[in-house]
Amino acid sequence: MERVTARVFRNDWNALTPPTTGRWTPELTVSVVIPARGGQDRLDLALASLSVQTYPDHLLEVVVVDDHSSPPLRLPEHRPRRCRIVPAPDHGWGAGYARAYGAHASTGDILVWMDADMVATRDFVEAQARWLHAHAECVTLGRVRFSDTEPESVGALLDALRSGGPERILTDDRRHAWVEQLLDHSDRLREADHLGFHAHVGAAAALRRSLYEAAGGVDPDLDLGQDTEFGYRLWQAGAVMVPEPAATAWHVGPAVTARTRLPSERFRTEVLAELMPHPHAYRERVPVERRRIPLVHAVVDISGASYDLARGCVDRLLGGTETDLVVTLVADWAGVRETTLEHQGLDLRLIQANYLREPRITFASVAPRTGFPSPFLLQLPVAWGLGELTLSRLLAGAERSRSGLIELFQASSPTRDAGVRLWRTRALARAMRVRREGEELTDVVAQLHGRYRIHGGEGTLTDLTLHRSVPPMPRPAPETRYEDDPSVPGDPEAERTGRGMVEDHHPQEEAPHGRARRRGLGRRIRALWHRACRACGREMPEEDGTDGPGGPPTAG
């Protein structure tokens, strides 16, 4: 991604000043990508409208991706000078694949999306390209209309375009209702919240190739909803979405329902919600195990941390009320694998073994720079433990304030930098591209998207270094059982093998009856004494084989 210098606060595109249409000299090349399957007559109209664009024809190319049409599509007489048809490979099909393949096959600095059944105004390309010359992070959104009728012929369309516009011969009674509503409620996206990406429609939009690649490109596996999902990733990559009403294009002919509304609710909850944490209403219906893109990407650097400290930090995070997250543990995992001495890296080995089967845990040697494609990146020092509700409250604060950075401090020491930071991915990604040498990243994010600070009360943030780990209780050793003391329980294994039994070293010598009773009683007292010493952690007295000094007093 090329470096950007202009700074836009959130999505307020008023900070940009694009050149005026017809009064500037374009420099960047443009590729118009059109996925098409059948419909040769309407494709002829679409290419005819592109043949009279005001954008310089030596900078414009049109790539039509033939999505397995039968018969194959052909180039009509009236078309742009640089226009070609690219057949889609046999192993791929659908609108998503065609758009992705068209972007790959094209060469322009700017990518413009257009459907094969649309006719465009003459300044459709220029009106969008002027914004992309002014700012490399812009994504322009053309205005899509629907016409129940279509031009009688290509000649009639060209005459209308040259003499005023296609609205002279087309009806205009429908638009994308949800897009218009979103634009009205967000001051034309200048005050858009985290759902601003919903305005992105793949039928008429443009962006720089550098931003396209930074966002990962169109998902070729999605035939429906690929423009919404790609718009979500563009939003997380820091795009500035600009509605451009001058770039108008009409769907011609009777429109199917899918043209005028979002994909079905079932598709949004069953497919798109797995890939998009927003909006929450759809995400909540997706089981945790099917959430491929988490809401929060948490990063914990555990280099040099003890096993108990890392467990305390990570277990608190995983046990919180916010479960839509993944945690990356950063350490020298490659070095641990190469270690030949068992005592080196033991804590890291234990940590990895403990979380190896946890699906929400990943391991990395280098911390990720952003949370992309997740909307949020949480940086959590290993010495801090979050309360059960802390992360949920941080997210709520982020949405309420629309801030790009949420910082959490302990209430007892509000001036101390706790290092617990929740970054908004789109703000962080953009800040990294505009930051100048010597600037603090936190200050740049605050300038671009705002900063919000929270002082955590009791139970919100815990300093784990103040809590000593308590080792597990030692496993008790098998107790000694004496052959003449049936009241002291023995070890079954010892009884079978003879281990732990006190042997009589003088079996032929018969002791008097009273002395035998005293010895039995002394041994019982000694056994109880040993058990008491072990329970108290005291060192047991050495045995001398007698009942005299050195052991507990014997009964007389």
Side-chain angles (χ1 to χ4, degrees), residues 288-289 291 294-369 371 374 376-394 407-410 412-413 416-423 456 458-478 534-537:
V288 174
E289 62 275 7
R291 297 175 180 179
L295 176 67
V296 179
H297 189 161
V299 177
V300 182
D301 190 336
I302 61 172
S303 302
S306 67
Y307 169 75
D308 294 317
L309 186 63
R311 279 287 306 273
C313 174
V314 177
D315 286 354
R316 282 173 168 82
L317 184 58
L318 294 177
T321 54
E322 182 55 68
T323 59
D324 197 353
L325 80 162
V326 65
V327 183
T328 295
L329 303 182
V330 180
D332 185 14
W333 302 108
V336 171
R337 290 194 296 269
E338 296 171 358
T339 299
T340 57
L341 300 178
E342 293 185 0
H343 65 278
Q344 293 183 354
L346 179 59
D347 285 290
L348 286 183
R349 291 173 182 266
L350 291 173
I351 293 169
Q352 191 174 51
N354 183 75
Y355 293 116
L356 203 56
R357 297 184 180 276
E358 169 57 59
R360 291 183 291 168
I361 296 290
T362 62
F363 303 90
S365 298
V366 179
R369 300 181 66 193
S374 296
F376 293 100
L377 172 72
L378 175 68
Q379 290 179 336
L380 177 62
V382 69
W384 295 100
L386 299 185
E388 185 178 7
L389 298 174
T390 302
L391 181 54
S392 297
R393 291 173 176 171
L394 290 177
E407 294 178 304
L408 177 62
F409 300 86
Q410 273 196 327
S412 57
S413 55
R416 179 183 176 187
D417 184 2
V420 180
R421 292 191 173 104
L422 181 69
W423 304 84
E458 183 178 356
T460 300
L461 190 62
T462 302
D463 188 347
L464 300 179
T465 61
L466 302 179
H467 295 258
R468 295 181 58 187
S469 59
V470 180
M473 293 295 294
R475 185 175 298 174
R534 283 196 298 271
C536 297

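We count residues from 1, following the sequence as given. Remember, predicted model here, so these are calculated numbers, not experimental data.
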Passes side chain to side chain contact (heavy atoms under 4.5 Å, CB included), Leu318 versus Ile361? Steps please.
CA-CA 9 Å; Leu318 294 177; Ile361 296 290; 4.1 Å; yes
Hydrogens and angles aside, do Thr362 and Thr328 bring a side-chain donor and acceptor to less than 3.5 Å of each other?
yes
Under 3.5 Å side-chain donor-acceptor pair for Asp301 and Ser303
yes
Between [X] and [Y], which heavy-atom pair has the shortest distance, and what is it?
{"X": "Pro368", "Y": "Leu377", "value": "O-CD2, 4.5 Å"}
{"X": "Ala310", "Y": "Ile351", "value": "CB-CD1, 3.4 Å"}
{"X": "Val382", "Y": "Cys313", "value": "O-CB, 3.3 Å"}
{"X": "Leu309", "Y": "Ala383", "value": "CD1-CA, 4.3 Å"}
{"X": "Leu356", "Y": "Phe363", "value": "CD1-CE1, 4.1 Å"}
{"X": "Ile302", "Y": "Ala331", "value": "CG1-CB, 3.9 Å"}

Given the rule in the side chain to side chain contact (heavy atoms under 4.5 Å, CB included) test, do Leu317 and Leu325 qualify, once you have shown the distances and angles that lead to the verdict?
CA-CA 9 Å; Leu317 184 58; Leu325 80 162; 3.9 Å; yes
Separation of [Y] [atom2] from [X] [atom1] (nearest 0.5 Å):
{"X": "Leu329", "Y": "Glu358", "atom1": "CG", "atom2": "CD", "value": "10.0 Å"}
{"X": "Leu386", "Y": "Arg316", "atom1": "CG", "atom2": "CZ", "value": "9.5 Å"}
{"X": "Arg393", "Y": "Glu322", "atom1": "CZ", "atom2": "CD", "value": "13.5 Å"}
{"X": "Leu295", "Y": "His297", "atom1": "CG", "atom2": "NE2", "value": "12.5 Å"}
{"X": "Asp324", "Y": "Arg360", "atom1": "CG", "atom2": "CZ", "value": "9.5 Å"}
{"X": "Leu466", "Y": "Asp463", "atom1": "CG", "atom2": "CG", "value": "4.0 Å"}

So does [Y] get a backbone contact from the side chain of [X], meaning a donor-acceptor N/O pair under 3.5 Å?
{"X": "Glu289", "Y": "Arg291", "value": "no"}
{"X": "Ser374", "Y": "Pro294", "value": "yes"}
{"X": "Thr390", "Y": "Thr460", "value": "yes"}

Under the ring pair (Phe, Tyr, Trp, His ring centres under 6.0 Å) test, which residues partner Tyr307, sequence neighbours left out?
none
Looking at residues at least two apart in the chain, or sitting in another chain, which of them share a side chain to side chain donor-acceptor pair (under 3.5 Å) with Gln379?
Trp423
Starting from the C-alpha separation in whole Å, work towards a yes-or-no answer on side-chain hydrogen bond (donor to acceptor under 3.5 Å, both in side chains) for Ser392 and Thr321.
CA-CA 7 Å; Ser392 297; Thr321 54; 2.7 Å; yes
Decide yes or no on side chain to side chain contact (heavy atoms under 4.5 Å, CB included) for Trp333 and Arg349, but give the supporting numbers first.
CA-CA 9 Å; Trp333 302 108; Arg349 291 173 182 266; over 6 Å; no
With sequence neighbours excluded, what pairs up with Ala367 under the side chain to side chain contact (heavy atoms under 4.5 Å, CB included) test?
Val299, Val330
Side chain to side chain contact (heavy atoms under 4.5 Å, CB included), that's the test. Do Asn354 and Arg311 meet it? Break it down for me.
CA-CA 9 Å; Asn354 183 75; Arg311 279 287 306 273; 3.2 Å; yes
